[in-house]
Amino acid sequence: MGDISGDMAHPAQVKIVDLSLGWSFKQTDDVGENAWSPVKRIPSTVHQDLIDSKRLEDPFIGFNEVKAEWVGLKSWTYRTTLTRPNVPLSAKVILVFDGLDTFAHVKLGGRTILESDNMFLPHRVDITEVIKSKASHDLQIEFESAFLKARGIKDQHPEHKFICFNGDSARLAVRKAQYHWGWDWGPVLMCAGIWRPARLEIYTIRISDLKVDISISDDHKLATIHATAEIEGHDGSPAHLLADFNISLDGKTISSGCVKLGQHGKASTHLEVPNPELWMPHGYGKQTLYTVSVTAVSDGMPLHTVSRRVGLRKIRLVQDNDSHGKSFYFRVNDVDIFCGGSCWIPTDSFLTNVTPERYRAWIELMVPANQKMIRVWGGGIYEHDAFYDACDELGILVWQDFMFGCGNYPCFPAILDSIEAEAVANVRRIRHHPCLAILAGNNEDYQVQESVGLTYDYEDKNEEHWLKSDFPARYIYESLLPRVSAAEAPGIPYWPGSPWSHGKVSSDPTVGDMHQWNVWHGTQEKYQIFDSLGGRFNSEFGMEAFPHIATIKTFVEKEEDLYPQSHVLDFHNKADGHERRIATYLVENVRTATRLEAYIHLTQLIQCEALMYGYRGWRKQWGDGRHCGGALVWQLNDCWPTTSWSIVDYYLRRKPAYYAMARVLAPVAVGIRRAHHDWSVTHAREPKTQDWELWVVSSRLTEITADVEVRFVSVRTGREIKEKVVKQGIRLIANGTTHVSKGKVDNVQEEPHVLAARIWVDGKLVGRDTDWPQPLKYLQFPDRNVKVEVLGDEMHVTAERPVKCLVFEEREGCHLSDSAIDVVPNDKQIIHVRGLKTGDPALDWTYLGAGEQ
């Protein structure tokens, strides 16, 4: 029961009453008091409430997802009781819902006070008169089946072509997280419930919005903050009201100003910060956060205060014509940033189970992996505040999609009104975060248009034509959303979609961003040529891999199902054709296995290698006139325990690819590779020679000096087959690529060997890279004689012969400085371990060909 009795400290001050406890729920058509079950707390989702009530088995285990289908086809009702508060005569009582999922009918005392059909919209309902009418009030919320409602809305609009990738096409008619309809990495779990906080607000005066626009002088010596507050509740003659603005750092006031309330309840001021500490992505500087606040003051009495944490920075999406077409990269405070990073999906099917601490843990993983950007994908949600707070604090740039994914969305008047309200509310909520780098209209909707030939004439700028075409959503992405973005967040670049190419085909490599899926999907190209398939910014690409065995055992209930092609393992992989695609990449590159643990390692090795080839090559291109401005792997995370493209699984266990990415995205990284020879195409003898090249990429902003070597190590014997190449005192180009050396591999005279490169800066070994003869399946791996010696919190790794992809166990609570490493003789590698307790068994490990010994 929400207890809202008691006096406020001052009658005009804002009082917040939390409504998280005292709720119960039932299936709407069940009758009688026995039908009601308690809710632990809200925010909540009906699935979790059913699990807590022992009425639903965990859908993440085995085939239980199928047993949960009925939940999404029913209506559900939640209720609580509100007690009449002691409300000052002039005060309002506002019932606030930050999010209702999705078709919600809210009744107070049996009277309908709100009907909602948009999961992404917050709601504020004035219940002042109703709440005063009697001592207590029954508050009920009925959630209709979004699945059935969507089908009905679709049927009401036969004029629209409902076409989509993934899920039921009716999802396009509903403003709800699209992944709830199922995706090629996630289950069909049609959630409902009070998914974000609910509360009462009691006040006479309230600050409803604080907008903070920041400009920084060209010399970075002055930051100017234009702050605007909107204040509601004044009586139309607000002369007695003042807005007291303040900017502080670590509790110390830097600048302040008090102004009178202007027309329409707005107050604005300019605050200056001399010699500002600029916010930068991690690895480029500090993540200093200032606090901008405004307090509504009447006769010296503070009534309400609103604060925003901001970073002083300017950001630009650089799109200049150049020799490669049109550039696409980000510049922060006049520093060009190669945005290596990941795409983000909702990190749980049941969003209310994700704590701020779990959000923080996810984003913390990106820092040691040298990732600079995360892309919030358009089929999920506008994320929790804790997500953006963590990105602010840790220096991770955010590419933010609006919530449209893989579909041809309708544009009937009611949904356009809802979309605009949704966009305004969510941009206002997140716009102050310094991590926010770009707002993008959708995910792959232009690709859907291309795939089925919907009308799109880029040169036609008549918006009425767009709305009457069979691709009306162009109006959303090229008119509605850019207008909202420009009005609400003018300092943030807007981009119509991901991918999008200024009206050209979305796969055009010369302009815009690209989703490169011709490795895995599409033409299933060899991953060894990933870098040749990229564009100006590669905002999606990926390769699937199994999760670790510990994760698999959480959802496989029977020991007899622990084999690679078991029904339950296939069920926990939602990608179409995953059996064929995984098998293809395994057969082409490695010797396959049937033992589950060995099979897991092989799929992880393939993912590791594929992403390495992509990232390594595209980052090299950064130094070629910013040919490639960034690469975001699909995907960082999972929403349930599954096999997918994630590089970290549902339980935050890192796959080997996570570490491979970290190495090639390091501040200074050496790269070496020989030209790829495609055996499957030529069916001929390997070419007599292959060229190899050696380079170094640096994100340092000043030129530095390094020493580099290349060794040529026999795979069979571990001996060096010819004299190593040593380059000393190399001057590395700042924030670019330095080409160091090149040569040839004689495939007739020289036995199969590894090219092993290392780099030192100021006498410290800072990076390694290896290039192996391809495909790996043709190589023999006996007698590697690997040794892993544990010395305190270090593991010292050596081998007598080259070792490919040595992977350590990902044990809960343990953090490794590296894994999935290639080891060559006479090059000891030291892995630092955090969280391994004294007396714990040593971590397990394996490598390619371990079973051959």
Side-chain angles (χ1 to χ4, degrees), residues 184-185 340-343 345 365 369 371 516-522 524-531 533 538 540-549 551-552 564 569 572-575 577-593 596-618 631-638 641-665 770 772 774-777 804-810 816 818-822 846-848:
D184 55 7
W185 36 258
S342 298
C343 295
I345 65 171
L365 285 174
Q371 298 187 42
Q516 181 45 271
W517 281 109
N518 278 328
V519 173
W520 180 268
H521 287 305
Q524 289 190 274
E525 302 291 337
K526 303 291 191 294
Y527 62 70
Q528 288 88 347
I529 63 167
F530 229 148
D531 60 331
L533 305 175
N538 304 304
E540 274 193 28
F541 67 103
M543 175 64 70
E544 276 205 348
F546 274 47
H548 291 288
I549 187 67
T551 293
I552 288 173
L569 276 171
H572 280 251
N573 187 341
K574 301 300 185 180
H578 66 264
E579 301 92 341
R580 297 189 302 276
R581 299 180 197 279
I582 288 177
T584 295
Y585 283 102
L586 287 179
V587 169
E588 285 181 346
N589 291 284
V590 294
R591 304 180 191 184
T592 57
L596 181 56
E597 287 84 350
Y599 192 85
I600 290 169
H601 178 255
L602 291 179
T603 68
Q604 292 180 345
L605 180 150
I606 294 298
Q607 184 189 47
C608 187
E609 289 285 284
L611 301 190
M612 181 277 293
Y613 272 101
Y615 273 105
R616 184 179 64 178
W618 290 326
L632 307 177
V633 71
W634 187 267
Q635 63 218 57
L636 177 68
N637 59 325
D638 283 324
T642 188
T643 295
S644 77
W645 298 273
S646 72
I647 59 170
V648 183
D649 74 25
Y650 176 76
Y651 296 104
L652 285 88
R653 295 185 176 107
R654 287 148 287 195
K655 297 179 186 177
Y658 167 91
Y659 298 98
M661 286 174 53
R663 291 191 291 269
V664 296
L665 292 175
T770 58
W772 290 68
Q774 300 288 326
L776 297 168
K777 65 183 179 181
K804 185 67 186 170
C805 198
L806 190 150
V807 175
F808 292 96
E809 172 192 358
E810 291 287 327
L816 305 174
D818 209 352
S819 188
I821 57 175
D822 293 352
T846 190
Y847 55 88
L848 182 62

Reported [atom1]-to-[atom2] distance for the pair [X] and [Y], which is rounded to 0.5 angstrom:
| X | Y | atom1 | atom2 | answer |
| --- | --- | --- | --- | --- |
| Thr584 | Lys526 | OG1 | NZ | 9.5 Å |
| Thr846 | Ile600 | OG1 | CD1 | 11.0 Å |
| Tyr658 | Glu810 | OH | CD | 9.0 Å |
| Leu365 | Ser342 | CG | OG | 10.0 Å |

Are any of the side-chain heavy atoms of [X] and [Y] separated by less than 4.5 Å?
| X | Y | result |
| --- | --- | --- |
| Trp645 | Leu611 | no |
| Ile606 | Tyr527 | yes |
| Pro547 | Thr643 | yes |

Is a donor on one side and an acceptor on the other found under 3.5 Å between the side chain of [X] and the backbone of [Y]?
| X | Y | result |
| --- | --- | --- |
| Glu540 | Gly542 | no |
| Gln371 | Leu665 | no |
| Ser819 | Val807 | no |
| His548 | Arg654 | yes |
| Lys655 | Asp649 | no |
| Gln604 | Ala545 | no |
| Thr551 | Pro641 | no |
| Tyr615 | Val633 | yes |
| His601 | Cys805 | yes |

>> Can you classify the ring geometry of Trp520 versus Tyr585 as parallel (below 30°), tilted (30 to 60°) or perpendicular (above 60°)?
In response: parallel
> Of all residues at least two apart in sequence or in a different chain, which pass the salt bridge (Lys or Arg N to Asp or Glu O under 4.0 Å) check with Asp822?
Replying inline: Lys804
